[in-house]
Amino acid sequence: MPELPEVEVLRRDLDKDVVGRKIKSVEVVTMRSVRRHTKRKQFTEPLEGAKIKSVERRGKYLVLALDNEQSLVIHLGMSGQLLRAKSAKVAKPKHTHVIIGFTQGGQLRFVDPRTFGEMFVTKSDVIADELPELGHLGFDPLDAGISVDRFAALLRQRSMKLKSLLMDQKFIAGIGNIYSDEILFQAGLRFDRLSDSLSPQEVRRLFRAVIEVLQDAVKYRGSTLADEGFVDLQGNPGEYQDHHQVYGREGEPCPRTKKPIMRQRYGNRSTYYSVSQV
DNA sequence: ACGCCCGCCTGTAAGC
DNA sequence: TGCTTACAGGCGGGCG
């Protein structure tokens with residue numbers, strides 16, 4: 001379940017490693033991974049011969065701008081991986097669905113066991129306008145753009161449970177199940193508190209927690225859980241899971257109170273929290 | 001219009 | 001031990 005930190009780690013890796021490279025060939029093994037296109041060629045033709053100009057992240061999406069006015073958009077879904085192979089000879093992992101070969105040699109591979117991820121190509125200038133899932137994204141917590149006051153105003157606009165709000169991509173882009181729990185623990189707030197019920201001090205705590213947790217997670221190169229297996233472009237796992245305070249730690253002592261971490265079903269998924277959150 | 005639940009997937013692990 | 005079932009969850013869509 002790559003969330004913002006994992007996608008940001010990949011963005012930085014791609015920025016160093018594939019920007020400037022020219023695409024020689026594209027092989028689509030599994031059409032489901034490019035399901036917005038009905039024909040393979042709609043995906044492969046705009047890519048072949050194009051040079052990668054830049055790599056941006058929008059929430060959990062990666063956008064690779066090409067030198068032909070088109071962009072390659074990637075969403076990793078739950079189990080998607082992007083892996084660099086120095087040569088085509090390197091053994092392909094199971095569930096390799098798309099292979100992008102570069103003129104200078106080497107490949108970029110899209111590997112995705114659960115196939116919730118996808119790749120597609122679209123004209124660069126219509127991304128925000130014509131793709132609602134990208135156009136409707138809320139603010140990016142790693143952009144320094146938003147102020148506490150603006151954040152407070154946005155919270156007051158709705159009366160939504162905090163966990164739902166943090167995971168709502170239209171409100172804030174890039175947070176999923178793991179980081180919403182970690183952020184709420186850091187902020188000392190319960191997942192079911194209503195967004196318009198927070199004191200100014202609680203708003204500030206939440207604001208700070210969002211930024212701190214996500215920045216920290218990027219610093220430790222993302223979270224790699226046993227059942228998921230996020231890895232960076234070179235195939236290395238992250239280390240932030242060792243810094244999780246509550247996620248996946250049901251029954252373990254809360255770092256603050258030593259009372260057992262609670263787990264509760266909320267919105268059809270597991271939520272971890274401590275009784276110290278109010 | 002919004003909150004909630006399902007379906008899409010596969011690998012892993014718990015349960016009988 | 002081996003089979004079945006539950007669970008993991010991002011996101012679109014459908015329903016109330």
*To the side chain of A/K94, which of C/dG10, B/dG11, C/dG12 is closest?*
B/dG11
*Between atom CD1 in A/I172 and atom P in C/dG10, what is the gap in whole Å?*
15 Å
*Just how far, in rounded Å, is P of C/dG10 from CE of A/M119?*
20 Å
*Looking at A/F185, does the NZ or CZ of A/R256 lie under 6.0 angstrom from its six-membered ring centre and within 45 degrees of the ring axis?*
yes
*Side-chain N or O of A/K170 less than 4.0 angstrom from OP1 or OP2 on B/dC2?*
no
*Does any donor-acceptor pair link the side chain of A/R269 with the base of C/dA8 at a separation under 3.5 Å?*
no
*Distance, rounded to the nearest Å, where A/I178 contributes CD1 and C/dC7 contributes C1'*: 14 Å
_Lys/Arg N to Asp/Glu carboxylate O, A/K22 vs A/D67, below 4.0 Å_ = no
*Separation of B/dT12 P from A/R114 CZ (nearest whole Å)*: 9 Å
*Quick one: closest heavy-atom pair of A/K161 and A/D192, and the distance?*
CG-O, 3.7 Å
*For A/F116 and C/dC11, do the ring centres fall under 5.5 Å apart while the planes stay under 30° apart?*
no
*Provide, to the nearest angstrom, the distance between the CE atom belonging to A/M78 and the C1' atom belonging to C/dC11.*
12 Å
*Below 4.0 Å: OP1/OP2 of B/dC9 and any side-chain N or O of A/H95*: no
_Between P on B/dC9 and CE on A/M31, what's the gap in Å once rounded to a whole number?_
14 Å
*Identify which nucleotide among C/dG12, C/dC7, B/dG3 has an atom closest to any side-chain atom of A/R263, counting heavy atoms from C-beta outward.*
C/dC7
*Give A/R35 one of three labels, base, sugar-phosphate or nothing, depending on what nucleic acid heavy atoms sit under 4.0 Å from its own.*
nothing
*Is atom CZ of A/R150 surrounded by more than 12 heavy atoms (other residues, nucleotides or ligands) closer than 6.0 Å?*
no
*Find the distance A/N177:CG to C/dG9:P and express it as a whole number of Å.*
5 Å
*asked:* Using a heavy-atom cut-off of 4.0 Å across all strands, would you classify A/S164 as base, sugar-phosphate, or nothing?
replied: nothing
*Between C/dA6 atom C1' and A/R265 atom CZ, what is the distance in whole Å?*
9 Å
*Salt bridge between A/D13 and A/R84, side-chain N to carboxylate O under 4.0 Å?*
no
